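As structure tokens, the structure follows; a few thoughts come after it.
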Amino acid sequence: MPIPTSSGPDQSKPKILIPEKVSPDGLALLQKSFEVHERKGLSPEQLLEIIPEYEALIVRSETKVTAALLQAAKKLKVVARAGVGVDNVDVEAATKNGIIVVNSPVGNINAAAEHTIALMMAVARNIGDACASIKDGKWERSRLVGVEAKGKTLAIVGLGKVGLTVARIANGLGMNVIAYDPYANTQLAAATNVTLKSSLNELLPDADFFTIHTPLIASTKGMIGASELAMMKPTARILNVSRGGMIDEVALLEALVANKIAGAGLDVFTSEPPQPDSSASRLIAHPKVVATPHLGASTVEAQENVSIDVCEQVILILSGSLPRSAVNAPIILPEEYRTLQPFVTLVEKMGSLYTQHYTTRAASTGQQTRNTFDITYEGSLATLNTTKPLFAALIKGLLSPISSPGEININIVNAELVAKERGLYVNEQRSRESPEEKGYTSFVTLRARTSRSASHARSGPRNDPKAETEQVIQGYVAGNVPYISRLDRFATNFVPSGNLLICRNYDSCGRIGFVGQRLGKADVNINFMSVAPLEREGEGKNRNEALMILGVDKPAGKEIVDGLIDENGVLEASTVTLGNV
Ligand SMILES: NC(=O)C1=CN([C@@H]2O[C@H](COP(=O)(O)OP(=O)(O)OC[C@H]3O[C@@H](n4cnc5c(N)ncnc54)[C@H](O)[C@@H]3O)[C@@H](O)[C@H]2O)C=CC1
Ligand SMILES: O=C(O)C(=O)COP(=O)(O)O
């Protein structure tokens, strides 16, 4: 790989700043061609002062890479995260400033999984308490009797890379593994002997040990609160090696104090390091808690992996090549940009709309989500040399709403692999039919179905294919602006951007007023509205149904949406956030 060479004294070499402990194995690769500055313990002000000198910044989870820092970083080309989570990096600000953010999505997976198992065993056998007791000169055998993992049920939320690795190790311990992840790869789950449950309610009562491995995103924040903890056995033990904030720290502390939960093993907290007297500090101090200071990825091996991975990517970027795991790199090559860009936007929005609109519905009715998609390109799109950017845009759109901001690194190079890993099957079709009679030069249609293996792998309600409702999204581009022209069986026309509220209702008087009034009361302003009517056969009599698509100034919260479902109101409602077009 070409590396920039120095043509003068050392000071002319591009400079790389490393303000945290990063393994020397990767840094050694940089030494020859770059000036590498390891500067631990910088204050945010000091960092801000020196950042304009640097072309690359390599961090772990402690450095807060803020918009202000990125704004000041006039020479910076890359922020490299030596690990998975980029929640400490303002990825949007980096993108705005043309700075590539890369991470190492697999280098520390095994370390995080093994740490989860270590905490599980430590909690099961009171290792923390016993160690403190014996060091204190005591010999307390009867107070410190533990439980075994063998034969117990391990409940996993989030069956991604870490979750699956935990499941594999737990199999070896003779545990029964169950999981809740509405987007899980059902074939991988079945191959790992994991029984998928269709809701948290179905998962939690069976858990002897509970562990969470999702990203910290809107749908997972506060996912385990007082009511979820109340569903668990009082003998259950809780583990968290993903991110603080998914489990409500106050509720967990109360459950431990009231003997409603038997113990917890925690590696991550809402504030790190925890502030004195915070909920995290009180939890750490509780005798039934085994706590570690965010050590999930802290093994020699994992640090070597992630360091080499990101340093290689820094070299690629500083020498003008594309990195392997760019969090915010474009999914489209410059020469294809002009023709394809509006369609890339359209297809990405269709994928995102699909996940947010249909999976909310599936989750609320306990149905499985669909994982097989047919995407049809009609008109001028059908003559393209390659549809790779559109395929990548679809995968990115489908997965972004269920991933941490910036954690989903999808581009034309890796889209197929990511789709396979996540159990998504996409059949791309080209239609020779001319859509011109419909008034557009190109049309894209996305249809979702359930694969056979998926319906066998799930323990939730079985899908009868005949009973399946159609899930279709159709769109087109006019004047470089994407439009959605069909949702289910409803003909519509709206630009997929901003915050939407999509309601299905009987087409009768007062429904629009009802929704408008409820939103008004909740201080949610309606920017636009599109009504899509449909004639549908009801039982014994004809009933008209319609779809209301409302553009709103802020996302309507769960309480507002639940409040709309009423016999005088709407049958179904979902909120969708799509960003700008
Ligand atoms: N403590 C530590 O040092 C480390 C922590 N981590 C953290 O572990 C977490 C998991 O990492 P990976 O397994 O690599 O991520 P991943 O992206 O491979 O898996 C995440 C899984 O969560 C699922 N998910 C998303 N929303 C969900 C929801 N609402 N309900 C149930 N499941 C949902 C996804 O479908 C996916 O299968 C991340 O937050 C990461 O930052 C990772 C490495 C080290
Ligand atoms: O990779 C991750 O997501 C982690 O949480 C590891 O964080 P660290 O690099 O140990 O600060």
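We count ligands from 1, going down the list as the structure has it; atoms in each ligand are counted the same way. Please read all numbers here as calculations on a predicted model, not as lab measurements.
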Would E421 count as a contact of ligand 1 if the rule is a heavy atom under 4.0 Å away?
no
Is it the side chain (CB and beyond), the backbone, both or neither of I109 that lies under 4.0 Å from ligand 1, heavy atoms counted?
side chain
With a heavy-atom distance limit of 4.0 Å, tell me whether S242 approaches ligand 1 through its side chain, its backbone, both, or neither.
both
Looking only at heavy atoms of H115, does any of them come nearer than 4.0 Å to an atom of ligand 1?
no
How far is atom 2 (C) of ligand 2 from its nearest protein heavy atom, and which residue and atom name does that atom have?
R81 NH2, 3.2 Å
At the 4.0 Å heavy-atom cut-off, does A82 count as touching ligand 2?
yes
Ligand 1 to V157 polar contact by distance, N or O atoms, under 3.5 Å:
no
Honestly, for E20 the part within reach of ligand 2 (heavy atoms, under 4.0 Å) is neither
Specify the protein heavy atom at minimum distance from atom 5 (O) of ligand 2: its residue, its atom name, and the distance to 0.1 Å.
H294 NE2, 2.7 Å
Looking only at distances, can you tell me whether any N or O atom of A297, backbone or side chain, sits closer than 3.5 Å to an N or O atom of ligand 2?
no
Check each heavy atom of V268 against ligand 2 and say whether those closer than 4.0 Å belong to the side chain, the backbone, both or neither.
neither
For atom 32 (N) of ligand 1, state which one of N108, T214, V106 supplies the nearest heavy atom.
T214
Out of M223, K161, H213, who is nearest to atom 30 (N) of ligand 1 when you count heavy atoms only?
M223
R243 heavy atoms, cut-off 4.0 Å: which ligand 1 atoms fall inside?
5 (C), 39 (O), 41 (O)
